[in-house]
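Working notes, beginning with the structure itself.
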Amino acid sequence: MTAPPRPLICVWEITLACTCRCTHCGSSAGDPRERELTTAEALDLIDALSALKCRTVTLSGGEPLLRSDWPELARRITGSGMDAELMTNGLAVLDQADAIADAGFRGVSFSVDGPAAVHDRLRRSPGGLDRLLEGAAELHRRGVRTGAVTQVGRFNLHLLEETHALVVESGFEGWLVQLTLPHGRAASELCLTPAQLPELEQTLVRLADRGQILVQTADTIGYMSRSEPRLRRSGHGRLGVWGGCQAGLRALGITSDGTVRGCLSMPPAFDEGNVRERTLEDIWNDPGAFSYNRAFDPHDLQDACGGCSLASICRAGCTGLAWASTGATTSNPYCLMAVEQRRAN
């Protein structure tokens, strides 16, 4: 039996506690989960990730800076030879800038939903964007690399030009754009329809071509359209192509109570186990785990995905997006290539 690949990337929700109550939050963050991992359990988990030869661990939430032991966790990650990254809503960064700079993060990503009017309203946080930008500026002064992450939906698709200008002017080194998915507090009315994807694609390609900042698209956007290589370009200027969902193959998600999934964008139906009940190594190496990807068969795909010549490469795009929009992993109506073909016909 072929051994599973090692998880190169782990996104770890270290707490579900959050200072915001975002309208578009897919995690319904706010209060901590029941029985979140203790410091000792969290440190053991980091050691287990190191033993699996994980390369990068991203501390996420909720708001990870609300967990008081996050500096200890970050030091354990970097001390184990792994890269540490941080995803934050930015509200606590100003007060903890020195600690963040000392933690050795490879990068810190800030959630930026657009200009203040839309950002603060979505996050129910008056003055939130200004405080975020102040915190980012403090990290810049300390030499910390920062990036911006924007969820795009019907509420801000028309504001991407302004958002691009904002993140450029604020000194962020990169800008990642992802779709708002219909789960958690995010009602489907907030999400883009497949018919709106070409407008999104054209806008992102236009902004990326300006070269003012590295513009990247998340796994929820793309799939083999004519602009796919430009949407997937790297920080080194190389063009790329979507290579299929990596959940359970090269990527891993862990919730604050120790539940293991291939990706945190996926619902509890995809839980593979809990580190309090089985070791992370056992969960990862279980022959039956992550079967939606490890046992993927292109013949199982349906609708436009089933008849696609690139099905074995694309694998129906982002698994979390496919499930959120259809309730299955075998079809994805958010494929840009399929949308373009329908429009041409």
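Quick note: residue numbers are just sequence positions, from 1. Hydrogens, waters and symmetry mates play no part in the numbers below; they use all other heavy atoms, side chains included. Since the structure is predicted, the reported quantities are computational estimates derived from the model, not experimental observations.
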Original post:
Yes or no on side-chain hydrogen bond (donor to acceptor under 3.5 Å, both in side chains) for E63 and T88, after CA distance, side-chain angles and deciding distance?
Top reply: CA-CA 6 Å; E63 173 47 52; T88 176; 3.0 Å; yes
Side-chain heavy-atom pair [X], [Y] within 4.5 angstrom cut-off:
| X | Y | result |
| --- | --- | --- |
| R315 | C245 | no |
| R154 | L190 | no |
| C54 | I9 | no |
| R6 | L52 | no |
| Y334 | T220 | no |
| L129 | F110 | no |
| W12 | L73 | yes |
| L181 | L179 | yes |

Shortest non-hydrogen contact from [X] to [Y]?
| X | Y | answer |
| --- | --- | --- |
| S265 | H183 | O-CE1, 3.2 Å |
| G317 | W242 | C-CZ2, 3.5 Å |
| Y292 | G262 | OH-CA, 3.5 Å |
| M82 | V57 | SD-CG2, 3.9 Å |
| D95 | R131 | OD2-NH2, 3.0 Å |
| L336 | S225 | CB-CB, 3.7 Å |

Do you reckon [X] sits in the same ILVMFWY cluster as [Y], going by side-chain contacts under 4.5 Å, direct or chained?
| X | Y | answer |
| --- | --- | --- |
| Y223 | L200 | yes |
| L133 | V144 | yes |
| L65 | V149 | no |
| V177 | V168 | yes |
| L166 | V108 | yes |

Side chains of [Y] and [X]: any donor to acceptor distance under 3.5 Å?
| X | Y | answer |
| --- | --- | --- |
| W175 | T150 | yes |
| T78 | D83 | no |
| T180 | Q151 | yes |
| S50 | D47 | no |
| E13 | S60 | no |
| T330 | Q302 | yes |
| N274 | T259 | yes |

Would [X] and [Y] pass as an ion pair if we require N to O under 4.0 Å?
| X | Y | result |
| --- | --- | --- |
| D113 | R121 | no |
| R343 | E340 | no |
| D271 | R261 | yes |

Subject >> salt bridge (charged side-chain N to carboxylate O under 4.0 Å, His left out) partners for D31, two or more places apart >> reply: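 With sequence neighbours excluded, D31 shows a salt bridge (charged side-chain N to carboxylate O under 4.0 Å, His left out) to R21, given in chain and number order.
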Is there a donor-acceptor pair closer than 3.5 Å between any side-chain N or O of [X] and the backbone N or O of [Y]?
| X | Y | answer |
| --- | --- | --- |
| S227 | R230 | no |
| N332 | A316 | yes |
| S27 | A29 | no |
| E41 | L37 | no |
| D286 | I283 | no |
| N293 | L249 | no |
| T326 | A328 | yes |

Original post:
Can you check side chain to side chain contact (heavy atoms under 4.5 Å, CB included) on L280 and L252, steps first, answer last?
Top reply: CA-CA 11 Å; L280 181 62; L252 179 64; 4.1 Å; yes
Rounded to the nearest 0.5 Å, how far does [atom2] of [Y] lie from [atom1] of [X]?
| X | Y | atom1 | atom2 | answer |
| --- | --- | --- | --- | --- |
| L86 | L59 | CG | CG | 6.0 Å |
| R76 | I46 | CZ | CD1 | 6.5 Å |
| L197 | Q202 | CG | CD | 11.0 Å |
| L207 | I213 | CG | CD1 | 10.5 Å |
| L321 | M266 | CG | CE | 11.5 Å |
| S256 | R67 | OG | CZ | 8.0 Å |

**OP:** Take atom CD of E281 as the centre, draw a 6.0 Å sphere, and report whether it contains more than 12 heavy atoms from other residues, nucleotides or ligands.
**Re:**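 Not buried by this count: 12 neighbours or fewer within 6.0 Å.
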Subject >> More than 12 heavy atoms of other groups within 6.0 Å of R124 CZ >> reply: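 Yes, because the 6.0 Å sphere around CZ of R124 holds more than 12 heavy atoms from other groups.
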Subject >> Check against side-chain hydrogen bond (donor to acceptor under 3.5 Å, both in side chains), T19 and N89 >> reply: CA-CA 8 Å; T19 43; N89 65 26; 3.1 Å; yes
Original post:
For L204 and I221, what are the C-alpha separation, side-chain angles and deciding distance, and is it a side chain to side chain contact (heavy atoms under 4.5 Å, CB included)?
Top reply: CA-CA 10 Å; L204 292 177; I221 301 172; 4.3 Å; yes
**OP:** Find out whether the Lys NZ or Arg CZ of R294 is both under 6.0 angstrom from the six-membered ring centre of W284 and within 45° of the ring's axis.
**Re:**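 Output yes; distance and angle both within limits.
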Subject >> CA sep, side-chain torsions, deciding dist, call: Q216, R232, side chain to side chain contact (heavy atoms under 4.5 Å, CB included) >> reply: CA-CA 6 Å; Q216 294 181 299; R232 302 268 171 235; over 6 Å; no
**OP:** I would like to know whether E138 and R142 meet salt bridge (charged side-chain N to carboxylate O under 4.0 Å, His left out); could you show each step before the answer?
**Re:** CA-CA 6 Å; E138 287 301 318; R142 290 162 173 78; 2.7 Å; yes
Original post:
Per the salt bridge (charged side-chain N to carboxylate O under 4.0 Å, His left out) rule, which among R145, R106, R55 passes with E85?
Top reply: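 Passing option: R106.
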Original post:
Partners of T39 by side-chain hydrogen bond (donor to acceptor under 3.5 Å, both in side chains), sequence neighbours excluded?
Top reply: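 If we apply the side-chain hydrogen bond (donor to acceptor under 3.5 Å, both in side chains) test to T39, skipping adjacent residues, the hits are D69.
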Original post:
Taking it one step at a time, do H119 and N156 satisfy side chain to side chain contact (heavy atoms under 4.5 Å, CB included)?
Top reply: CA-CA 9 Å; H119 178 96; N156 63 354; over 6 Å; no
